[in-house]
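Bear in mind that the values here come from a model prediction, so they are computed numbers and not experimental data. In each ligand, atom 1 is the first atom listed, and ligand 1 is the first ligand listed.
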Amino acid sequence: MAWRKVRESVQLSSLCKGLGLTRTPVHARGVTTKADPFTTNNTSDDILQVNNGEQLFSKLTSKELLKTLLNLQLVAYEPVVDLSIKILTSSWMKSPLFRAAVVPVLDKTAYSHFCAGENVEAASRTLARMWELGLRGVMTYGLEDATDSDSCDQNLEKFLQVVRQTSQLPPESVSMACVKISAICPIQILERVSNLLRWQHVKKDHKLPWKQDAIPVLAESSPTYHVQSPPEPLSEVEESHLAHAHNRLAKLCQACESEGIPLLVDAEYSVVQPAIDYIINVAASEFNRGRLPLVYATIQTYLKDSFPRLSLAVKSSHHRGLSYGVKVVRGAYISRENALAAALRVPSPIHSDIGATHRCYNFCAGYMLEQASSEDVSVVLATHNMESGRAAAAKVQELGLSRGNPRVQFAQLKGMADVLSLSLAHAGFRVSKVLPFGTVPEFVPYIVRRAEENRGLLGNTAIDRQYLRAELRRRLQHSLTS
Ligand SMILES: Cc1cc2nc3c(=O)[nH]c(=O)nc-3n(C[C@H](O)[C@H](O)[C@H](O)COP(=O)(O)OP(=O)(O)OC[C@H]3O[C@@H](n4cnc5c(N)ncnc54)[C@H](O)[C@@H]3O)c2cc1C
């Protein structure tokens with residue numbers, strides 16, 4: 001409607017002045033600069049046609065674009081993030097009055113930007129919106145570590161509720177389910193099992209009576225500094241906790257199988273990761289018997305031993321007649337890993353510079369795509385990095401894989417890298433947004449942890465902000481001249 005357009009343009013023009021959006025866009029002047037996202041690294045044969053902002057954002061309203069831009073601008077500013085973490089983790093938050101003042105601000109900013117809603121119904125509405133934009137969704141309850149059996153059971157119920165919700169949503173709109181093992185197995189059991197697995201990796205004849213035959217989790221080069229002396233064997237109670245964790249994951253796999261969606265399992269930090277991989281691999285022996293895997297592990301390519309572990313898992317799955325699925329990420333626990341290694345005076349398990357991590361990510365992604373073109377192997381490339389997305393898209397093309405091949409998927413978090421998500425989807429790839437949900441109080445520890453452990457994550461949004469600004473400028477100009 002005409003009045004709506006005028007109102008939008010008036011509101012936009014006053015807001016745009018504040019954001020410096022009223023200048024003529026660089027691409028409209030026919031000048032190319034290094035900072036111009038519409039020309040940087042963007043060739044005519046680029047599979048990701050990011051240079052067409054009008055087409056890319058066609059289904060998003062200016063209000064949505066502006067809100068996204070404002071929120072990204074806010075979280076890119078480190079002092080704001082530092083202050084927010086201080087406030088959210090302070091004892092003042094216990095005061096109802098203080099909370100009443102803070103929660104509405106959070107609700108309008110970081111919460112609405114990164115969180116898909118209060119509950120599974122609200123998250124489903126966000127997912128339906130993603131589906132309209134050509135994206136699929138992975139709903140995930142933003143849960144923290146569990147310390148006892150009861151909380152593991154309660155968490156499992158929440159994960160199952162999300163999986164069951166799939167049948168209420170448009171067919172195909174839910175791409176995968178997602179779980180973190182530390183929410184369904186007490187964290188201290190994961191630590192104990194990891195230590196025992198590491199000890200056996202060093203002392204090959206060390207007996208672990210509870211250990212089931214599964215794909216190995218550690219490569220020759222995997223670090224074992226976490227355990228210095230023989231750990232106590234698991235007690236009967238600990239063994240039963242471990243058995244319950246296997247059962248919980250199996251229940252979730254069965255639910256996913258009956259809904260016809262794969263299950264992604266998050267990677268966490270190295271103190272507990274061997275146990276997580278072991279629990280996944282036991283489930284894989286049962287559920288990855290078809291040509292497409294049901295259960296996916298996650299590999300963190302910031303780890304120096306990531307590629308040896310990845311190729312070991314691929315070969316070992318092949319050898320056992322199993323399909324293999326993995327989500328490839330850079331990794332989110334860099335400060336925790338570095339701090340532990342420094343405390344133990346051992347070299348960090350993380351690549352020494354970001355360039356090495358980028359190379360490792362792209363190498364592992366390329367390897368998995370090659371495998372996917374010839375073996376029963378599937379990959380989810382979970383990244384916000386435009387260059388990694390572009391390189392993977394080119395590799396898919398080079399290998400002659402179809403862009404909609406179910407063995408290859410891309411994923412980004414809600415509120416992050418929308419330009420990459422939309423351009424990949426426009427090019428015909430399968431792209432998902434991970435949609436964490438929960439109430440504001442439940443969401444606070446989740447967002448604080450993400451911000452603390454992954455300082456670079458929130459600031460790495462320059463490309464998106466540039467594209468959003470350019471599209472808003474274009475719309476503003478268009479509405480002023482038409
Ligand atoms: C869908 C999805 C699922 C995810 N699941 C998991 C998960 O299960 N487990 C998990 O750990 N993470 C997970 N992540 C987070 C992920 O690991 C990254 O932290 C995040 O996505 C940023 O990496 P990027 O690929 O998007 O690349 P970029 O935007 O290029 O990010 C680069 C970041 O990598 C970090 N970095 C890595 N190595 C180094 C190094 N050697 N030196 C300095 N900085 C370094 C820095 O923080 C830097 O900001 C997930 C991310 C997505 C999108």
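- At a 4.0 Å heavy-atom cut-off, ligand 1 touches Val434 through the side chain alone.
- Set against the non-hydrogen atoms of Ala382, the atoms of ligand 1 under 4.0 Å away are 1 (C), 2 (C), 3 (C), 52 (C).
- Donor-acceptor pairing under 3.5 Å is recorded for the side chains of Asp305 and Ser222.
- Ligand 1 is never approached by Lys180 to a heavy-atom distance shorter than 4.0 Å.
- Applying the 4.0 Å criterion to heavy atoms of His358 picks out, from ligand 1, the atoms 30 (O).
- Checking Gln371 against Arg407 by side-chain atom types alone, no donor-acceptor pair falls below 3.5 Å.
- At a heavy-atom distance under 4.0 Å, only side-chain atoms of Ile350, from C-beta outward, approach ligand 1.
- Taking all heavy atoms of Val138, Val265, Val329, Ile276 into account, the minimum distance to atom 4 (C) of ligand 1 is reached by Val329.
- Applying salt bridge (charged side-chain N to carboxylate O under 4.0 Å, His left out) to Asp376 and the options Arg291, Arg289, Arg320 leaves one that passes, Arg291.
- Considering backbone and side-chain N/O of Arg330, one or more are found under 3.5 Å from N/O of ligand 1.
- Taking the side chain as every heavy atom from C-beta outward, Met176 and Leu263 never approach each other to under 4.5 Å.
- Under 3.5 Å, the side chains of Asp277 and Gln273 contain a donor-acceptor pair of N or O atoms.
- Checking only distances, Asn385 does come within under 3.5 Å of ligand 1, N or O to N or O.
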After noting the C-alpha distance and the side-chain angles of His201 and Thr224, does the key distance pass the side chain to side chain donor-acceptor pair (under 3.5 Å) rule? CA-CA 8 Å; His201 189 62; Thr224 53; over 6 Å; no

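- Of the N or O atoms in Ala267, one or more lie within a sub-3.5 Å distance of an N or O in ligand 1.
- With a heavy-atom cut-off of 4.0 Å, Thr383 touches ligand 1 through backbone and side chain alike.
- The shortest N or O to N or O distance between Tyr333 and ligand 1 is not under 3.5 Å.
- Listed by number with element, the atoms of ligand 1 under 4.0 Å from a non-hydrogen atom of Ala411 are 1 (C), 53 (C).
- With respect to Glu64 and Lys67, no salt bridge is recorded, no charged nitrogen being found less than 4.0 Å from a carboxylate O.
- Every atom of ligand 1 is numbered from 1 in the order shown, and the set under 4.0 Å from a heavy atom of Asp266 is 8 (O).
- Atom numbering of ligand 1 starts at 1 in the shown order; those under 4.0 Å from a heavy atom of Gln300 are 10 (C), 11 (O).
- Contact atoms of ligand 1 toward Tyr302: 37 (C), 38 (N) (distance under 4.0 Å to a heavy atom of the residue).
- Listed by atom number, the atoms of ligand 1 under 4.0 Å from Asp353 heavy atoms are 40 (C), 41 (N), 42 (N).
- With respect to Arg164 and Glu259, no salt bridge is recorded, no charged nitrogen being found less than 4.0 Å from a carboxylate O.
- Only side-chain heavy atoms of Ile334 come within less than 4.0 Å of ligand 1; its backbone N, CA, C and O stay farther off.
- Below 4.0 Å from some heavy atom of Thr298 lie the following atoms of ligand 1, by number and element: 8 (O).
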Would you please test Thr439 and Glu118 for side chain to side chain donor-acceptor pair (under 3.5 Å) and show each step? CA-CA 4 Å; Thr439 59; Glu118 290 220 305; 5.8 Å; no

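- If you look at Tyr141 and Phe159, their ring centroids are not closer than 6.0 Å.
- In Glu268, neither the side chain nor the backbone holds a heavy atom less than 4.0 Å from any atom of ligand 1.
- Ring centroid separation for the pair Phe363 and His358 does not come in under the 6.0 Å cut-off.
- Taking a 4.0 Å cut-off on heavy atoms, Lys327 registers as neighbouring ligand 1.
- Crowding of Lys158 atom NZ: a count of heavy atoms from other residues, nucleotides or ligands under 6.0 Å exceeding 12.
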